[in-house]
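Numbering of ligands and ligand atoms starts at 1, following listing order.
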Amino acid sequence: MEKWPIGVFTSVDAGLGVHLDVAEELGVPSVQIHAPHAETRTADAAKTFLGRCSDAGITITAVFGGFEGESYADPATSARTVGLVPRETRAARAAEMKEISDFTTHLGCEVVALHIGFVPEDRDGDDYKGLLDVTRDLLDHVKENGQALHLETGQETADHLLHFVSDVERDNLFVNFDPANMILYGTGEPIAALKKVGHLVRSVHCKDGKWAAEDVRGVEWGQEVPLGEGDVGMETYLRTLDELGYTGPLTIEREIPEDRDRQKADIGHAVRLLEELRAKIG
Ligand code: MG
């Protein structure tokens with residue numbers, strides 16, 4: 001693949017992504033997809049989706065898992081409900097993530113990804129150790145499928161993410177870097193964070209956001225905005241990725257599924273912005 005193929009975050013029937021027709025209309029060469037619901041996570045459905053992608057010249061670069069019961073209402077609710085961190089659902093969700101990894105093999109894709117949740121801060125605590133165990137077990141399954149697992153950033157600081165990846169001690173755990181999430185969750189300046197975790201970054205989101213007011217940062221969301229209109233600094237972001245030697249896809253995310261027309265228009269603008277910056281930097 002060329003350097004920095006532009007991509008779009010898509011969904012089949014679950015998650016916040018746009019439907020594949022938007023990627024087809026925009027003529028982008030790559031997509032990440034949010035895994036479909038369990039009922040449609042079949043070999044037949046994968047074959048149909050893959051066929052459409054092939055016809056449109058689109059490569060699937062990652063499949064994201066997500067789970068029933070997750071809520072991103074505010075940072076505290078996310079911490080309580082997202083990923084493999086909540087204890088009550090941990091085993092069931094880990095099993096589901098293995099199924100998603102199996103489904104992904106039908107899509108000919110070697111990357112699965114997820115929001116693992118807010119990694120507990122205490123590295124000696126039972127919650128942290130439990131999360132390590134379940135992550136290792138998942139990674140071993142993912143590896144048997146010839147895949148790597150990418151963790152979406154944002155819910156912890158870059159330093160803590162480095163601790164966690166190091167403590168897991170597996171060679172197929174990497175990072176899907178989302179610069180806007182660092183701002184939205186208030187977990188750190190994105191460019192500095194990118195430099196810290198850069199050696200682990202194997203996929204990225206191109207998404208933008210504005211910081212919440214300082215007194216409520218981390219308690220209330222920042223605001224997700226169209227690419228180029230937020231506090232990330234897209235040119236600096238791409239220059240930093242270039243310095244790190246990152247040549248993988250630039251996958252656009254715009255999380256306003258409630259307004260599909262605006263979502264599509266904003267993604268169209270984002271494609272053009274990335275093409276301009278790529279011509280200038282890449
Ligand atoms: Mg993201």
Does Arg202 count as lying over the ring of Phe174, i.e. NZ or CZ under 6.0 Å from the six-ring centre, within 45 degrees of the axis?
-> yes
Any side-chain heavy atom of Leu149 sitting closer than 4.5 Å to one from Val111?
-> no
Gln32 meets the side chain to side chain donor-acceptor pair (under 3.5 Å) criterion, sequence neighbours left out, with Asn176, His205
Do Asp74 and Thr77 come within less than 4.5 Å of each other through their side chains, counting heavy atoms only?
-> yes
Among side-chain atoms of Asp102 and Thr105, is any donor-acceptor pair under 3.5 angstrom?
-> no
Interatomic distance, CG@Leu194 vs CD@Glu243, rounded to 0.5 Å, equals 9.5 Å
Using a distance threshold of 2.8 Å, what protein N/O/S atoms lie below it relative to the Mg ion (ligand 1)?
-> Glu152 OE2, Asp178 OD2, His205 ND1, Glu253 OE1
